[in-house]
Amino acid sequence: MRCDAREAIDDTESFLCLCRSLHAIMNPPPHNRMNVPQSTNAESQQEILLNVYDRTYKLDKKLVIGRSGKLFNMLKENQNVHKQQLPYVLPDIPGNPKIFEIAMRFCYGYYEVHELKLASENVIPLICLAYYLEMNDEHSPNNLLNITINFLNQTVLLTWNETLKALQATQQVIKQAIQLGIIQVCLDSLVRKARINPHLLGEPITSHTYNHVSDQNEYNRVSARRRLFHHDCQSQDITLLSLHIFELLISMLIQEGTRVEYVAASLFRYTKKWIHVDEECSSPSIDSENYQREIIETVEKLLPDQIGVLPCKLLFEMLRTAIILNASTSCRDGFENRIGKQLNEATVEDLLIPFQGYACEGQYDTECVKRILKAYYGNYTSSDQSGLIKVADLFDEFLAEVAGEDDLEKDTFISLLKLSEAPSVAMNRCSDGMYRAIDIYLNTHKCLTESEKDEVCQLLDCHQMSSAACTHAAQNERLPMRVTVQTLFIGQLHLRDAISNKIDYSQNGSRRENMVAVGDNDGEETKMEMEKIDTRVMELEKECLLMKKHIENGDVLKEKKKGVWKKLKRKFGCISSMSDCDGNVQKKVHPRNCF
């Protein structure tokens with residue numbers, strides 16, 4: 001069933017306004033009519049040759065010039081030139097051969113709409129051609145220009161679908177149609193209808209409704225609310241319009257105050273319709289890439305800035321597209337700023353943006369992520385810190401992902417650590433995420449020197465690490481000695497605080513009996529264990545100072561350093577002896593299994 005959109009015309013005067021807007025086209029200044037020029041050649045009096053669209057047409061002269069003022073004047077001015085019956089050339093004629101043949105059918109007496117086969121797909125090119133050939137009522141009553149304009153006003157502009165079909169067929173006559181005001185009339189009609197029923201533009205896209213299916217399947221899901229407006233018919237998709245007309249339509253919709261979520265959804269669907277890029281495949285042809293680049297830059301320019309008009313995941317998709325197509329810097333910055341306003345909705349997969357370049361700077365575009373993160377912190381104004389904490393945790397996950405890249409430079413990784421450190425210090429966050437990323441980086445880049453490892457670990461705050469992380473770090477041979485000593489101290493403090501809390505909690509006599517460690521003997525054992533830890537830490541400090549002095553003097557070999565390291569670990573009890581008292585070999589537990 002064809003959609004009934006007559007309610008889109010507010011009243012009779014609004015409809016008449018559409019007709020009056022084309023009055024100037026139908027009634028140009030009259031020219032001086034003259035008699036048909038005479039020729040001594042009998043054959044030339046009957047026929048005329050026209051060369052249009054690289055084709056030659058032999059037409060009845062009397063019928064053609066009886067309807068076309070342009071051909072009438074052309075024959076009059078050149079009646080003595082073409083004595084050898086050479087074809088007249090119309091190089092700048094709009095349309096195509098099919099449109100021209102319809103116009104000539106009208107000249108031969110086919111006046112009815114069904115005889116001319118007038119339709120939404122050919123009415124605008126016919127108007128442009130009739131205007132070019134001056135087939136107006138000033139030259140001949142009830143001429144083609146008047147018939148086609150009436151068909152546009154009375155049939156095409158009344159419905160959403162037919163108006164879109166007419167606009168889709170204007171590629172070959174777009175300049176003439178804009179000059180004549182036909183495009184503006186059609187767009188005005190669409191905007192009025194969309195203002196009454198915005199669902200004609202398509203449903204808004206939210207995080208709950210979006211899924212990774214084809215656009216066609218998504219668009220075919222018609223909700224009950226849409227069926228109420230559409231009367232069980234499918235509305236034509238505005239994404240089928242050419243870029244220039246689509247841009248004009250969206251600009252007019254924004255000016256008329258159309259809800260931004262409908263505008264944003266239409267813009268995203270347009271990119272999915274016309275842009276096809278693959279991050280892993282070869283680039284498209286130059287012409288195709290240039291056109292697609294123009295599309296993504298136009299979409300970014302039109303996309304509303306409000307938060308939440310599109311899910312964050314879709315904004316990341318559009319940003320990746322802009323990067324792959326090498327869009328302008330302002331285009332990429334626009335998407336990055338929009339993402340930065342709602343980064344708390346993202347996942348770590350969204351942040352893994354492939355690096356597009358020839359330099360070996362890592363698999364992922366870390367600089368882009370840094371800009372997005374700075375944009376989020378710069379635009380965050382809420383007093384609630386939950387959004388900051390969520391993004392900080394997200395960035396720690398991203399750090400762990402990129403830390404395993406072989407090509408990730410040390411300075412780049414440290415700059416990422418600084419972005420992770422800032423919110424951790426301000427919000428007193430746990431540093432376990434940063435420690436995990438550092439551990440992965442040191443494991444991947446084993447060629448780092450001791451001083452480079454110290455530089456990487458400079459921002460790690462051991463006081464903010466959990467007990468489990470401290471235990472793992474104390475046994476982690478990849479860490480520099482300074483960090484190991486710090487984690488041992490922190491581990492001692494954690495143990496002391498835990499015991500102190502238990503003692504404070506057990507001051508009541510009844511609770512004291514229910515403590516985990518029952519009896520004076522257990523309390524004495526705990527105190528003795530703490531004293532042993534103090535002694536071991538002091539010994540470790542002395543060994544570290546001694547080893548540092550040897551390193552500075554340059555008289556410690558690598559193997560000897562490794563032996564001292566293991567000796568220190570055994571003194572503190574982090575590594576068990578390789579053999580027990582019976583001479584049986586014991587299995588060493590890998591430190592990663594402890595964390």
Side-chain angles (χ1 to χ4, degrees), residues 348 385-386 388-404 413 416-417 420-446 453-454 456-505 515-517 522 525-526 529-530 532-534 536-537 540-541 544 565-566 568-577 586-595:
V348 67
Q385 292 188 350
S386 59
L388 294 174
I389 295 174
K390 186 174 182 180
V391 170
D393 293 339
L394 172 67
F395 191 67
D396 284 345
E397 293 181 39
F398 172 75
L399 273 178
E401 289 289 338
V402 301
F413 183 66
L416 294 173
L417 291 176
S420 177
E421 178 207 21
S424 299
V425 173
M427 297 180 292
N428 199 25
R429 283 181 66 246
C430 179
S431 300
D432 287 5
M434 180 184 290
Y435 168 69
R436 178 169 173 262
I438 290 175
D439 184 41
I440 295 174
Y441 186 79
L442 294 179
N443 185 48
T444 304
H445 303 79
K446 298 179 180 179
K453 290 181 180 180
D454 262 328
V456 170
C457 298
Q458 186 97 20
L459 300 174
L460 180 62
D461 187 359
C462 298
H463 292 278
Q464 299 297 330
M465 292 170 59
S466 64
S467 299
C470 287
T471 302
H472 182 273
Q475 306 176 62
N476 192 345
E477 297 185 4
R478 291 183 289 273
L479 296 176
M481 186 65 66
R482 177 185 61 80
V483 179
T484 303
V485 173
Q486 283 185 335
T487 56
L488 290 175
F489 276 120
I490 301 302
Q492 180 194 13
L493 293 176
H494 285 168
L495 179 60
R496 180 175 296 177
D497 292 341
I499 295 174
S500 177
N501 291 336
K502 286 186 178 180
I503 293 175
D504 292 340
Y505 182 75
M515 289 179 60
V516 177
D522 292 341
E525 292 179 0
T526 302
E529 185 66 26
M530 291 181 63
K532 289 180 181 180
I533 291 176
D534 289 338
R536 289 174 181 174
V537 170
L540 184 60
E541 283 183 310
C544 287
W565 171 261
K566 290 187 176 180
L568 291 174
K569 291 294 184 71
R570 287 197 183 94
K571 280 190 176 184
F572 198 75
C574 297
I575 301 180
S576 303
S577 174
Q586 295 178 347
K587 184 178 181 181
K588 179 180 176 182
V589 179
H590 196 277
R592 273 191 175 274
N593 298 329
C594 302
F595 182 43

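Please read these numbers as outputs of a predicted model, since none were measured by experiment.
Separation of atoms NZ (K446) and CZ (R478) is listed at 7.5 Å; rounding is to 0.5 Å. Between atom CE of residue M481 and atom NZ of residue K453 there is a gap of 10.5 Å, rounded to the nearest 0.5 Å. Atom CG of L416 sits about 11.0 Å away from atom CG of D396, to the nearest 0.5 Å. Here SG of C430 is found 12.0 Å from CD1 of I389. Values are rounded to the nearest 0.5 Å.
Of all the heavy atoms in A403 and A437, the pair that sits closest is CB-O, 3.4 Å. In plain terms, the two heavy atoms of L479 and C457 that are nearest each other are CD2-SG, 4.2 Å. Scanning all heavy atoms of the two residues, the minimum distance from D432 to A469 falls at OD1-CB, 3.3 Å. Of all heavy-atom pairs between A473 and T487, the closest is CB-CG2, 3.5 Å. Nearest approach of A400 to I440, heavy atoms of both residues: O-CD1, 3.8 Å.
Remark: of the listed residues Q464, E421, R429, E421 is the sole one forming a side-chain contact (heavy atoms from CB on, under 4.5 Å) with M434. When each of L417, N476, L399 is paired with I438, the side-chain contact (heavy atoms from CB on, under 4.5 Å) condition holds for L417 and for no other.
Between the side chain of D454 and the backbone N or O of P480, no donor-acceptor pair lies under 3.5 Å.
Classified by interplanar angle (parallel below 30°, tilted 30° to 60°, perpendicular above 60°), the ring pair H472/Y435 is perpendicular.
Side chains of D461 and S431: a donor-acceptor N/O pair is absent below 3.5 angstrom, by distance only.
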